[in-house]
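Report on one structure; see the data block that follows.
All values below come from the heavy atoms of this structure, side chains included, with hydrogens, waters and symmetry mates left out.
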Amino acid sequence: MAMKFQGGIKLSEYRNTKKLPITFIDRPSVITLGLDNGHCSLVSAGDYVKKYEKIVLDEDGFTVSSPITGKVLAAEQKYIIIENSYQPEIAPPDDEKPSTIEEITFEKLINYSKKYGVTGTFSGIPLHKKLTEAYGKCERLIVSCVESDPSSGHVRAMVRLHARELVLGIKIILRAMGIKKAVMALDKKYGEDYDAIKKHAEEKSGIVPAFISIKYPVGCERLLLNAIYNTEFSSDTEVWRIGYPVLSAETVINLYLALRDG
């Protein structure tokens, strides 16, 4: 039987995107990056930066890299503005990137997450904060492979296209965090998503499915956990702080690609 949480609403699905391939959009001619409190700009107006060059650093060592190559038009306390040169120049990869999964300890995973600026793709919370506060408290990693938006189809497309990278990213986190099992929340209507994952996850990998009867807002961590564990979670604390780290499949894929490519 598919799992579900109390309440919520079912919405008709009219996704014309669910069978479309993932494509890359052109970067705009000018981008503005907002800076949070504690972020320090590493560039000044007039500087020329390359794509993937680190341009922001905070006190924890968390970085933000430039998504384009171009000239810095402004570097203020709250924002950085960069004009796109449309040149293919890319900053060189990190020469200290890990060589094997076995090499990545918890400390290294946290440092790499900061170094490569990995964040939750929906929450925007830096990954190292979630993992650090959950470390030593959790027995399960929960990976959300469901859409948080009823009009979107991109998470499922990412899962199918990057199933191998998703599985390897999960294995890295499990090993580094000392967790034995990962629970993957999947839409019950799309068994082919789990079929794509099973091709890369061996039987004793510790990766198991939880098929969800989709209602909204299923993207809410507490409601997703309620569907899986039939347990209510207080709203006065974040769930990862009490041992229930929930990561989107896209975040895990991004982590693996960052570690792979430096």
Side-chain angles (χ1 to χ4, degrees), residues 27-84 91 94 96-97 106-138 141-142 144 148-149 169 173 176-177 217 219-225 233-259 262:
R27 297 290 198 272
S29 58
V30 176
I31 66 163
T32 300
L33 299 175
L35 304 185
D36 292 334
N37 291 333
H39 283 175
C40 177
S41 172
L42 301 177
V43 295
S44 302
D47 289 349
Y48 186 80
V49 297
K50 297 179 181 179
K51 187 178 181 180
Y52 303 139
E53 182 176 336
K54 293 177 175 59
I55 59 174
V56 174
L57 180 70
D58 75 5
E59 60 264 21
D60 291 332
F62 178 80
T63 67
V64 176
S65 300
S66 176
I68 60 172
T69 296
K71 181 180 179 182
V72 178
L73 300 181
E76 306 293 340
Q77 186 175 2
K78 294 293 184 181
Y79 58 85
I80 294 175
I81 301 174
I82 305 174
E83 182 180 34
N84 197 343
D94 177 19
E96 296 180 0
K97 65 181 181 180
F106 174 71
E107 290 76 15
K108 286 187 176 181
L109 177 61
I110 295 305
N111 288 335
Y112 283 128
S113 298
K114 295 177 183 178
K115 192 174 189 178
Y116 300 142
V118 184
T119 65
T121 48
F122 292 113
S123 67
I125 298 170
L127 179 61
H128 72 271
K129 292 187 176 181
K130 272 193 172 184
L131 297 185
T132 299
E133 293 183 5
Y135 185 59
K137 304 173 187 174
C138 52
L141 172 70
I142 298 88
S144 176
S148 64
D149 182 336
I173 297 172
M177 295 280 288
C220 172
E221 294 178 340
R222 290 176 180 81
L223 295 179
L224 186 61
L225 289 169
F233 295 84
S234 171
S235 62
D236 61 2
T237 187
E238 302 293 354
V239 290
W240 65 85
R241 290 178 178 154
I242 54 176
Y244 290 90
V246 180
L247 304 179
S248 76
E250 189 176 1
T251 300
V252 177
I253 292 167
N254 286 343
L255 171 67
Y256 175 79
L257 294 178
L259 294 171

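- To the nearest 0.5 angstrom, Lys78 atom NZ is 8.0 Å from Asp36 atom CG.
- For Phe122, there are no ring-ring contact (aromatic ring centres under 6.0 Å, His included) partners, not counting sequence neighbours.
- Between Ala74 and Ala45, the closest heavy-atom pair is CA-CB, 4.2 Å.
- The distance from the CG atom of Asn254 to the OG atom of Ser248 is 7.5 Å, given to the nearest 0.5 Å.
- Considering CG of Leu247 and CD1 of Ile173, their distance stands at 5.0 Å, rounded to 0.5 Å.
- Taking Glu238 as the reference, nothing meets the side chain to side chain donor-acceptor pair (under 3.5 Å) condition, with sequence neighbours excluded.
- Remark: Glu221 engages Lys130 in a side chain to side chain donor-acceptor pair (under 3.5 Å) (not counting sequence neighbours).
- Once rounded to the nearest 0.5 Å, the distance linking OG of Ser44 with CD1 of Ile80 reads 9.5 Å.
- Between Ile82 and Gly70, the shortest heavy-atom distance links the atoms CG2-C, 4.0 Å.
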Could you walk me through whether Met177 and Leu141 pass side chain to side chain contact (heavy atoms under 4.5 Å, CB included), step by step?
CA-CA 9 Å; Met177 295 280 288; Leu141 172 70; over 6 Å; no
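- Summarising the geometry of Val118 relative to Ala258, their closest heavy-atom pair is CG2-CB, 4.4 Å, with the distance given to 0.1 Å.
- Around atom CD of Gln77, no more than 12 heavy atoms belonging to other residues, nucleotides or ligands sit under 6.0 Å away.
- Expressed to the nearest 0.5 Å, how far CG of Leu42 lies from CG of Asp47 amounts to 10.0 Å.
- The backbone N or O of Ile81 lies less than 3.5 Å from no partner atom in the side chain of Thr32, so there is not a single donor-acceptor pair.
- Evaluation of the side chain to side chain donor-acceptor pair (under 3.5 Å) rule for Arg241 yields Glu133 as partners, not counting sequence neighbours.
- Among residues at least two apart or in separate chains, there is no ring pair (Phe, Tyr, Trp, His ring centres under 6.0 Å) pair with a member in residues 30-52.
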Do any side-chain atoms of residues 62-69 form donor-acceptor pairs under 3.5 angstrom with protein atoms, and if so which ones, sequence neighbours left out?
{"unit_1": "Thr63", "atom_1": "OG1", "unit_2": "Lys114", "atom_2": "O", "d": "3.4"}
{"unit_1": "Thr63", "atom_1": "OG1", "unit_2": "Lys115", "atom_2": "O", "d": "2.7"}
{"unit_1": "Ser66", "atom_1": "OG", "unit_2": "Ile68", "atom_2": "N", "d": "3.3"}
{"unit_1": "Ser66", "atom_1": "OG", "unit_2": "Ile68", "atom_2": "O", "d": "2.6"}
{"unit_1": "Thr69", "atom_1": "OG1", "unit_2": "Lys51", "atom_2": "N", "d": "2.9"}
{"unit_1": "Thr69", "atom_1": "OG1", "unit_2": "Glu89", "atom_2": "O", "d": "2.6"}

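- Nearest heavy-atom pair, Trp240 versus Lys129, reported as atom, atom and distance to 0.1 Å: NE1-O, 4.2 Å.
- Phe106 contributes atom CZ, which lies 6.5 Å from atom CG of Leu131 (distance to the nearest 0.5 angstrom).
- Between Asn84 and Arg27, the shortest heavy-atom distance links the atoms ND2-CB, 3.5 Å.
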